[in-house]
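Have a look at the structure below before the remarks.
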There are 2 protein chains.
Amino acid sequence: MTETSTLPTVDRAGPRQTRPRRLVAELIAGRTGHFTAADLAADAQGRGLPLGRATIFRTLELLLGGGALERIDLPDGSHAYVECAPSHHHHAVCSRCGSVVDFDDAELAAVVRAVARRTGFRIDSHRLELFGLCPACQAGERSAG
Amino acid sequence: MTETSTLPTVDRAGPRQTRPRRLVAELIAGRTGHFTAADLAADAQGRGLPLGRATIFRTLELLLGGGALERIDLPDGSHAYVECAPSHHHHAVCSRCGSVVDFDDAELAAVVRAVARRTGFRIDSHRLELFGLCPACQAGERSAG
DNA sequence: GGGCTACATGAGACTCGGTATCATCACCGC
DNA sequence: GCGGTGATGATACCGAGTCTCATGTAGCCC
Ligand SMILES: [Zn+2]
Ligand SMILES: [Zn+2]
Ligand SMILES: [Zn+2]
Ligand SMILES: [Zn+2]
């Protein structure tokens, strides 16, 4: 075991840049609002592009880990993914078109602190999601009655 | 079609009180913290009580609809159920023992309003969940190092 | 109490999101 | 280009939840 020769690529090089991964990124970029793994699979199939289901899930996980993507829980209990800034924040989700806007934490910190004090819990993390209608869908609702 | 004779039980009588439903309620009462349908199935099987999986899910749905139960989304994306007051509120969940405490909405309303104003969304509903350690588990962590 | 019916049950098949396996492939540092 | 490691994808698998349907039973009416 002479370390000098048996360790060709010891120092971590990060994830590889592959064609399927680029493809997933493209498909995500081509979407608006939240989406599921199945959505991406359908997109790929619709364009005749080969892309394994497992690869989609693995790439999503990779992007989640890198903070480029976040998973949200819809009111019906199902999951979806949204493109995201890596910093901590929360989401307002349009129930009609699925579009998502981020908002930050500022006022929520006070809520968290108050609950911690009252319950004795030590709060380590939290999740806040708002659901409603985005401005565009409100307009559409008003005119389409 | 003489309505008088063909409508034996027209006026809604609500859900029936059956042995399996009582059993599910007992199993839930015997639990602490959040639980899954599989937990209840295991409980029933452990006690040698016959209880179909489908019935568990249907009874949970019934209780959800009645507001006696709520579904929460754990940080890992999985679902669990908690016994709950029917009024709107939120949950602080212990990541170690699964215990849940309710807290109300008061301060959050201001956050929701601020986000609505800034984003133009019309917010219809929201979900807030806090995760951390309950007082008991904090104590245990301190002593068990 | 007995009959009746609509509702409830539960075995089992099925769906769907997600994971594990593993032989083959391709990125990339050399 | 080579080579090894990490990536791919077909496929099997898993677990939560739903659907179907033949059978069971709560509960209303008498
Ligand atoms: Zn975001
Ligand atoms: Zn919208
Ligand atoms: Zn509650
Ligand atoms: Zn605890």
Side-chain angles (χ1 to χ4, degrees), chain A residues 1-25 27 34-45 48-66 69 71-82, chain B residues 2-27 34-45 48-66 69 71-82:
Chain A
M1 270 223 195
T2 63
E3 293 88 24
T4 48
S5 66
T6 53
L7 301 175
T9 321
V10 186
D11 28 316
R12 323 282 6 282
R16 285 183 186 171
Q17 175 138 339
T18 68
R19 206 172 87 75
R21 284 182 182 167
R22 260 172 279 137
L23 179 49
V24 170
L27 293 177
H34 54 68
F35 58 86
T36 65
D39 289 334
L40 299 183
D43 287 359
Q45 180 145 20
L49 301 168
L51 185 56
R53 229 167 55 93
T55 299
I56 295 177
F57 281 107
R58 281 185 294 233
T59 306
L60 288 177
E61 195 173 358
L62 199 66
L63 293 171
L64 282 174
L69 223 58
R71 185 170 44 208
I72 60 178
D73 298 292
L74 273 356
D76 69 354
S78 62
H79 296 154
Y81 302 86
V82 288
Chain B
T2 64
E3 295 87 25
T4 48
S5 67
T6 53
L7 300 176
T9 321
V10 185
D11 27 317
R12 324 277 10 280
R16 286 185 185 167
Q17 175 138 342
T18 67
R19 206 171 89 72
R21 283 181 183 168
R22 261 172 278 137
L23 179 50
V24 170
E26 271 174 46
L27 293 177
H34 55 68
F35 57 88
T36 64
D39 289 334
L40 299 183
D43 287 358
Q45 179 145 22
L49 300 168
L51 185 56
R53 233 166 52 91
T55 299
I56 294 178
F57 280 105
R58 280 186 294 234
T59 306
L60 288 177
E61 196 173 356
L62 200 66
L63 294 171
L64 282 173
L69 223 57
R71 185 170 43 210
I72 60 178
D73 298 292
L74 274 355
D76 69 354
S78 61
H79 296 154
Y81 301 86
V82 289

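Each chain gets a letter, A, B and so on, in the order the sequences are listed, and its residues count up from 1.
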Can you tell me how far [atom2] of [N] sits from [atom1] of [X], to the nearest Å?
| X | N | atom1 | atom2 | result |
| --- | --- | --- | --- | --- |
| B/L23 | C/dA8 | CG | P | 17 Å |
| A/D73 | C/dG18 | CG | P | 10 Å |
| A/I56 | C/dC16 | CD1 | P | 16 Å |
| A/L69 | C/dG18 | CG | P | 12 Å |
| A/D39 | C/dC16 | CG | P | 13 Å |
| A/L60 | D/dA7 | CG | P | 15 Å |
| A/L51 | D/dA7 | CG | C1' | 12 Å |
| A/F35 | C/dG18 | CZ | P | 11 Å |

Can A/T18 and A/T55 be said to form a side-chain contact (heavy atoms from CB on, under 4.5 Å), step by step?
CA-CA 11 Å; A/T18 68; A/T55 299; over 6 Å; no
Sub-6.0 Å ring centroid separation between A/H79 and B/H79:
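Centroid distance A/H79-B/H79: below 6.0 Å, so yes.
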Locate the shortest heavy-atom distance separating B/L64 from B/L69; write the atom from each residue and the value.
CD2-O, 3.4 Å
Report yes if some heavy atom in the side chain of B/R58 is under 4.5 Å from a heavy atom in the side chain of B/P15; otherwise report no.
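The answer is no; the side chains never approach within 4.5 Å.
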With side-chain contact (heavy atoms from CB on, under 4.5 Å) as the criterion, how do B/Y81 and B/D39 come out once you've worked through the C-alpha distance, each side chain's angles and the decisive distance to 0.1 Å?
CA-CA 10 Å; B/Y81 301 86; B/D39 289 334; over 6 Å; no
Please tell me if A/H79 has a side-chain N or O lying less than 4.0 Å from either OP1 or OP2 of C/dC16.
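For C/dC16, neither OP1 nor OP2 has a side-chain N or O of A/H79 closer than 4.0 Å.
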Is there a side-chain polar atom (N or O) of A/Y81 under 4.0 Å from OP1 or OP2 of C/dG18?
yes
Side chain B/R58 and base C/dG10 donor-acceptor under 3.5 Å
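Indeed, a donor on one side and an acceptor on the other fall under 3.5 Å apart.
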Counting only heavy atoms not in A/R22 (residues, nucleotides, ligands), do more than 12 fall under 6.0 Å from its CZ?
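Correct, the count exceeds 12.
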Could you go over nucleotides 24-28 of chain C and give all protein N or O partners under 3.5 Å, atom names and distances?
from   : atom 1 : to    : atom 2 : distance (Å)
C/dC27 : O3'    : A/Q17 : O      : 3.4
C/dC27 : O2     : A/R16 : NH1    : 3.3
C/dC28 : OP1    : A/Q17 : N      : 2.9

Run the side-chain contact (heavy atoms from CB on, under 4.5 Å) test against B/A37 and tell me which residues pass, sequence neighbours left out.
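Applying side-chain contact (heavy atoms from CB on, under 4.5 Å) to B/A37 gives B/I56, B/F57, B/L60.
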As a test of reading the structure: which of C/dG17, C/dT21, D/dT18 is closest to the side chain of A/F57, going by heavy atoms?
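Minimum distance to the A/F57 side chain belongs to C/dG17.
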Nucleotide nearest A/R53 when distance is taken to its side chain, options D/dC19, D/dG9, D/dA12:
D/dA12
Determine the contact category for A/R21: base if any of its heavy atoms lies under 4.0 Å from a base atom, sugar-phosphate if only primed atoms, P, OP1 or OP2 are that close, otherwise nothing.
sugar-phosphate
